[in-house]
Every structure is written in structure tokens, then in C-alpha cells.
Amino acid sequence: MPREREIEWPQDYFGPREAETTDKGWLEVVIRLSSGLRYRICFYDPIRLQQTIEAELRGEGHFAEPGIVVLSEVTTDAIRREVDRIDED
């Protein structure tokens with residue numbers, strides 16, 4: 001059975017940017033369904049998400065972002081596993 005979801009990685013992701021992703025603690029990708037619908041998903045580790053929320057609260061007074069998935073570590077493999085897991089639900 002073909003996969004119902006594909007990951008659209010950021011341009012030029014595979015290379016130095018991939019290696020830096022774990023240290024940065026976040027990555028935004030697009031999940032494309034077989035129907036053609038696309039969803040933006042932002043993967044965060046807990047520490048980076050906390051920093052992002054705190055910065056937004058100090059600056060804008062609120063934090064709102066749809067499509068957040070929190071992983072213990074943001075890596076290419078962890079993102080692929082999560083997308084596969086979601087695909088099974």
C-alpha cells in the first residue's frame with residue numbers, strides 16, 4: 001500500500017542544516033497527503049518550545065501556533081518515525 005503522507009523537507013535541508021537541526025531544537029516541514037492537501041508541521045524539542053513560548057509571551061503577549069509536534073529530540077529519523085506513526089493512527 002503506498003504511503004498516504006510524504007514529508008516535504010525544507011530546501012537544502014540535507015547537509016549542514018540537517019546536522020544543525022538537533023542543536024536548534026526545531027524544524028518546520030510540510031506533510032503532503034495523497035489527496036494533494038498539505039499541512040505545515042513544526043517539530044520542537046521541549047526546551048526550544050519553552051524558549052519560543054516565553055519569547056512570544058514577552059513580545060506579543062500570547063503564543064498560538066497550529067501544527068506543533070513535540071519530540072524528545074528533533075532529528076530526521078525522529079520526524080520520519082513520527083510521520084509514520086501518525087500515518088498509522
Side-chain angles (χ1 to χ4, degrees):
M1 182 164 119
R3 289 187 59 166
E4 295 181 20
R5 296 186 170 113
E6 292 295 326
I7 302 169
E8 295 180 4
W9 301 95
Q11 186 175 1
D12 300 327
Y13 173 70
F14 295 99
R17 186 171 180 187
E18 180 182 14
E20 297 167 351
T21 296
T22 301
D23 292 335
K24 290 184 176 186
W26 73 279
L27 183 70
E28 184 176 287
V29 301
V30 172
I31 307 300
R32 183 175 25 99
L33 305 180
S34 59
S35 66
L37 291 174
R38 299 169 74 226
Y39 295 93
R40 181 185 64 85
I41 305 289
C42 195
F43 291 91
Y44 283 97
D45 70 24
I47 293 170
R48 180 55 189 245
L49 180 59
Q50 180 180 356
Q51 293 169 342
T52 299
I53 291 170
E54 289 173 351
E56 288 292 318
L57 291 175
R58 280 192 307 273
E60 300 293 325
H62 70 278
F63 174 80
E65 185 170 339
I68 292 176
V69 175
V70 181
L71 301 171
S72 59
E73 185 176 54
V74 181
T75 66
T76 301
D77 288 340
I79 291 169
R80 285 182 174 142
R81 280 192 306 272
E82 184 62 18
V83 170
D84 286 344
R85 188 195 68 75
I86 293 169
D87 206 30
E88 295 171 1
D89 291 347

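Atom CG in L71 sits 14.5 Å away from atom CZ in R48 (nearest 0.5 Å). Put simply, CD on E82 and CD1 on I79 are 10.0 Å apart, with the number rounded to the nearest 0.5 Å.
Scored by the side chain to side chain contact (heavy atoms under 4.5 Å, CB included) test, S35 finds L33, L37 as partners (sequence neighbours excluded). Every residue meeting the side chain to side chain contact (heavy atoms under 4.5 Å, CB included) condition with I53, not counting sequence neighbours, appears here in chain and number order: L49, L57, F63. For Q50, the side chain to side chain donor-acceptor pair (under 3.5 Å) partners two or more places apart in sequence, or in a different chain, are E54. Here D12 pairs with nothing under the side chain to side chain contact (heavy atoms under 4.5 Å, CB included) rule; sequence neighbours left out. With sequence neighbours excluded, no residue satisfies salt bridge (charged side-chain N to carboxylate O under 4.0 Å, His left out) with E73. Not counting sequence neighbours, the partners of T76 by the side chain to side chain donor-acceptor pair (under 3.5 Å) test are Y13, E18. Applying the side chain to side chain donor-acceptor pair (under 3.5 Å) criterion to R32, with sequence neighbours excluded, gives E8. In this view, E56 satisfies the side chain to side chain donor-acceptor pair (under 3.5 Å) rule with no residue, not counting sequence neighbours.
Sequence neighbours left out, the pairs with a member in residues 61-70 that pass salt bridge (Lys or Arg N to Asp or Glu O under 4.0 Å) are R40-E65.
Of all heavy-atom pairs spanning S72 and P46, the tightest one is O-CD, 4.2 Å.
Y44 places none of its side-chain heavy atoms less than 4.5 Å from the side chain of V69. In this structure the side chain of V83 reaches within 4.5 angstrom of the side chain of I31, judged on heavy atoms.
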For residues 20-27, tabulate all N or O donor-acceptor pairs below 3.5 Å that involve a side-chain atom, not counting sequence neighbours.
unit_1, atom_1, unit_2, atom_2, d
T21, OG1, R17, O, 2.9
T22, OG1, V74, O, 3.1

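The hydrophobic cluster analysis finds I47 isolated: no Ile, Leu, Val, Met, Phe, Trp or Tyr side chain comes under 4.5 Å of it, directly or through other members.
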